[in-house]
Amino acid sequence: MAAAQLTSTCFLPSFDGLRSSTSKASSVVVSMPFRSLTLRSTRGLVVKAATTVAPKYTSLKPLGDRVLVKIKAAEEKTVGGILLPSTAQTKPQGGEVVAVGEGRTIGDKKVDIGLQTGTPVVYSKYAGTEVEFNGLSHLILKEDDIVGILETEDVKDLKPLNDRVLIKVEEAEETTAGGLLLTQATKEKPSFGTVIAVGPGLLNEEGNRTGVPLSPGNTVLYSKYAGNDFKGADGSDYIALRASDVMAILS
């Protein structure tokens, strides 16, 4: 009986952040007595994450504490005007509220969603379900997954919601203690910075905001891998995270 030798190789989508690319494994080789057959995939698999709503449906009403957001188009050019290929475009984390649910019940109190249609918002990177509706990309997500309201193009103007905090990240050290210059890849990600803005806090059982134990101007230490990272218009790094991810105030 002929022996077969198989080495697995195929083309699969890989993700650097949320930008899809195509990674290559080895080829599939089948050895037989009279011939050798090599099977090789010629194209990557296409993954479509969004759910497409049929054109016959003209209205989409979120339920409960969910919000429907029309996703902002990805940037096609850099600030300097360089055209970006689709694989290098940053997945947007912002959009416009186009519909809201009826709210939720906390204890015996009905709490409406605190966002109006037309509000420009920023949301958590991995939140919600993407939906293609009326030929446009939308996201259905819970109100709590919305990080804040952003009415300008600069993240430093973000108004955090709920228990979120906006922090300007301290610049990474350029050299080691011995004076050696660090490359971008070897710089340690900072985990402290200055509070720029705070949200009103979570709702308690009476439906009242509890506040946040931080104030703008506080220098804080926070969990290294928490929150959502943003780049400001001036090139500064910002992070929006929950107040519970802030571990200490430095002074």
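Between the side chain of T152 and the backbone N or O of D154, at least one donor-acceptor pair lies under 3.5 Å. A donor-acceptor distance shorter than 3.5 angstrom exists from the side chain of N204 to the backbone of E206, with no hydrogens or angles considered.
Closest approach of K168 and S236 over heavy atoms only: CE-OG, 3.5 Å. Residue V212 comes nearest to A243 through the heavy atom pair CG1-CB, 3.7 Å, listed as atom of the first residue, atom of the second, then distance. In terms of heavy atoms, Y123 sits closest to V69 at CE2-CG1, 4.1 Å. What you find for Y57 and F133 is that their closest heavy atoms are O-CE1, 3.5 Å. Nearest heavy atoms, A197 versus P216: CA-CG, 4.5 Å.
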**Request:** Please test L241 against V246 for side-chain contact (heavy atoms from CB on, under 4.5 Å), starting from the C-alpha separation and ending with a verdict.
**Result:** CA-CA 8 Å; L241 38 68; V246 176; 3.7 Å; yes
**Request:** Take L115 and I149, measure what side-chain contact (heavy atoms from CB on, under 4.5 Å) needs, and give me the verdict at the end.
**Result:** CA-CA 9 Å; L115 293 165; I149 298 172; 4.0 Å; yes
**Request:** Apply the test salt bridge (charged side-chain N to carboxylate O under 4.0 Å, His left out) to residues E102 and K61: give CA-CA distance (whole Å), side-chain angles for both, the deciding distance (0.1 Å), then the verdict.
**Result:** CA-CA 10 Å; E102 66 274 14; K61 172 66 175 176; 5.6 Å; no
**Item:** Check against side-chain contact (heavy atoms from CB on, under 4.5 Å), M247 and S223
**Value:** CA-CA 7 Å; M247 298 184 292; S223 298; 4.1 Å; yes
**Request:** Give the C-alpha distance, both sets of side-chain angles, the deciding distance and a yes or no for side-chain contact (heavy atoms from CB on, under 4.5 Å) between L141 and T129.
**Result:** CA-CA 7 Å; L141 67 166; T129 299; over 6 Å; no
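Among pairs with a residue in residues 232-246, those fulfilling salt bridge (charged side-chain N to carboxylate O under 4.0 Å, His left out) read D144-R242, D163-R242, K231-D237, at least two apart in sequence or across chains.
Residues T51 and E132 bring no donor and acceptor atom of their side chains to less than 3.5 Å of each other.
Residues S137 and E130 have side chains in contact (heavy-atom distance under 4.5 Å, counting atoms from C-beta outward). With contacts defined as side-chain heavy-atom distances shorter than 4.5 Å, the pair S191/L221 qualifies. At a threshold of 4.5 Å between non-hydrogen side-chain atoms, the residues T210 and L203 do not count as touching. Taking the side chain as every heavy atom from C-beta outward, V100 and D112 never approach each other to under 4.5 Å. Looking at heavy atoms from C-beta onward, Q116 lies in side-chain contact with T119 at the 4.5 angstrom threshold. For the pair V98/H138, a side-chain contact is recorded, criterion being any heavy-atom separation below 4.5 Å from C-beta on. In this structure, V220 and L250 have side chains that are not in contact, with every pair of non-hydrogen atoms separated by 4.5 Å or more. D65 is not listed as a side-chain neighbour of V111, based on a closest heavy-atom distance of 4.5 Å or more.
Linking Ile, Leu, Val, Met, Phe, Trp and Tyr residues whenever their side-chain heavy atoms come within less than 4.5 Å leaves V53 and L136 in two separate clusters. Taking hydrophobic clusters as Ile, Leu, Val, Met, Phe, Trp and Tyr residues chained together by side-chain heavy-atom distances below 4.5 Å, I239 shares a cluster with I249. Side-chain heavy atoms closer than 4.5 Å link hydrophobic residues (I, L, V, M, F, W, Y) into clusters, and following such links, even through other members, never connects I140 to V97.
Every residue meeting the salt bridge (Lys or Arg N to Asp or Glu O under 4.0 Å) condition with E151, not counting sequence neighbours, appears here in chain and number order: K159.
Note: I146 CD1 to N162 CG = 9.0 Å, rounded to the nearest 0.5 Å. The distance from atom CD of E205 to atom CD1 of I106, rounded to the nearest 0.5 Å, is 9.0 Å. Atoms OG and CZ, from S244 and R164 in turn, are 9.5 Å apart once rounded to the nearest 0.5 Å. Residue R66 holds its CZ atom at 4.0 Å from NZ of K142, rounded to the nearest 0.5 Å. The distance from atom CD of E143 to atom CZ of R104, rounded to the nearest 0.5 Å, is 6.5 Å.
Each of L68, V131, D145, I71 was scored for a side chain to side chain contact (heavy atoms under 4.5 Å, CB included) with L139, with one residue passing: I71.
Through direct or relayed side-chain contacts under 4.5 Å between Ile, Leu, Val, Met, Phe, Trp and Tyr, F230 connects to V122, V147, L150, V155, L158, L166, I196, Y238.
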